Colleague: 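Supplied in structure tokens, the structure appears directly below.
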Amino acid sequence: MYLTPEEEKTLEGEYGPSLQKAIEILVALGDIYGADRLIPVKSAQIAGVSYKTMGDAGLEWISDLEGKVKIPSILNPAGMDINKWEEMGIDPAFAKKQQEIIEAYAKLGIQTKCTCTPYYLEGFDVKLDDHIAWSESSAVSYANSVIGARTNREGGPSALSAALVGKTANYGYHLDEMREPVVTVEVDCELSGSDYGALGYVVGKTVGSRVPIFYMKNEPSRNEMKSLGAALAASGAVALYHIEGVTPEAVRNRFAKPDERIPVERAQIDEVYETNKDILSSEIITVGCPHCSPEELEEIAELVAGKKLQKEMWVCTAREVAERYPDLVERIEKSGAKVVCDTCMVVSPATNKYSSITVNSGKALAYVPSMCKVAAKYASIEDCIKEAGVIDES
Ligand code: F3S
């Protein structure tokens, strides 16, 4: 792999051990995947934030690093809402460790906004063909597919290395040829809302890590594509998908239709809503996986208007989005639901104390049972709110 004289010096340790380690990781990945060089990236998003998944070894590794990131860099959700952790029932010992992790990242110049939707935040508005180094799988999918930016599905250490060096190795989804669809998914029915999360949940299992192109009966919104991509990345390992006539590269490149076909029928989507249907009434309802957009907060605020919820309900979103729309937060919380920031139902240990959960996310449906050992049921946003047990006060 070609390195510039400056990169060679970094590799030799001239700029300190942390940068040396970082470029070593990038070069090692580049060598494994056949990259020709390092390329500049516009921003980084770093996974490996929740103390639940990192533990003490991860905290120690980050604490030992020195220097400052060279590009706008941001964190994935942590294990708790930084302000409301007590309300979530988080153990103080966990909270202390979580704060230490966040402070260690802050020391490196990383913005401590913990979200899987950096594309809603100022400074992270990537565009078609931009190169970035993001790591949370739904953010990767959204950036690659809905925006047409270019990122591999980075691990925590490789995203952090890219942030420190300001570059990544030029392989995988940074290259035109890796972005071509190889399998066609033909959806034979019209879909709306949470049907897209269900579609991703179904198709991800078959597609694995390949690049699919969808042929749809109707055009999904950006929020619906966000749900589709998150579920595809969780039940499979899809980092990039296209939708014929909709997503930017499918429109620009007019890809040939791959021969391998996967048909999807309405019955398969309906089956996802049947998962764990024996849970007649779950203990908690969580929405906002991936974190809610302003439009999704608005939709929830309208649905809960004049109602009092009887059960615990979390509406997860990025803190910056919540702070931009205090009126929406107020309207949602008036119903008794909690707007939860910096974290989510999968990465927070607060979920583990429940035995059953209702979600409107294919990604949460795939991960909550394995990562939290909680039985999960799938529902539309309207049914999630019904499940929360509504008293109409209007
Ligand atoms: Fe985001 Fe957590 Fe879902 S990180 S995509 S809300 S599992």
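From a predicted model like this one, the values you see are computed outputs, not experimental measurements. For ligands, and for the atoms within them, numbers begin at 1 and follow the listed sequence. All residue numbers refer to positions in the sequence shown, counting from 1.
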Colleague: Could you tell me whether D64 and K21 have a side-chain N and a carboxylate O separated by less than 4.0 Å?
Modeller: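 So D64 does not pair with K21 through a salt bridge.
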Colleague: Applying the 4.5 Å side-chain criterion to the ILVMFWY set and letting contacts propagate, would Y105 and V41 be lumped into a single cluster?
Modeller: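 Per the 4.5 Å side-chain linkage, Y105 and V41 are not co-clustered.
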Colleague: Between K386 and E382, is there a side-chain N and carboxylate O pair less than 4.0 Å apart?
Modeller: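 Between E382 and K386 there is no salt bridge, as every charged N stays at least 4.0 Å from the carboxylate O atoms.
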Colleague: So, at under 2.8 Å, which protein N, O or S atoms would a careful student list around atom 1 (Fe) of ligand 1?
Modeller: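 Less than 2.8 Å away from atom 1 (Fe) of ligand 1 sit C116 SG.
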Colleague: Under 4.0 Å between a side-chain nitrogen and a carboxylate oxygen: does that hold for D188 and K217?
Modeller: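 So D188 does not pair with K217 through a salt bridge.
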Colleague: Which atom pairs, donor and acceptor, lie under 3.5 Å between side-chain atoms of residues 80-94 and protein residues at least two apart or in another chain?
Modeller:
| unit_1 | atom_1 | unit_2 | atom_2 | d |
| --- | --- | --- | --- | --- |
| D81 | OD1 | N83 | N | 2.9 |
| D81 | OD1 | K84 | N | 2.9 |
| D81 | OD1 | R319 | NH2 | 2.8 |
| D81 | OD2 | C341 | N | 2.8 |
| K84 | NZ | E333 | OE2 | 2.8 |
| K84 | NZ | V339 | O | 2.5 |
| D91 | OD2 | A93 | N | 3.4 |

Colleague: Verify, without hydrogens or angle tests, whether S141 (side chain) and S137 (backbone) share a donor-acceptor contact under 3.5 angstrom.
Modeller: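 Flag not set: sc S141 to bb S137 has no pair under 3.5 Å.
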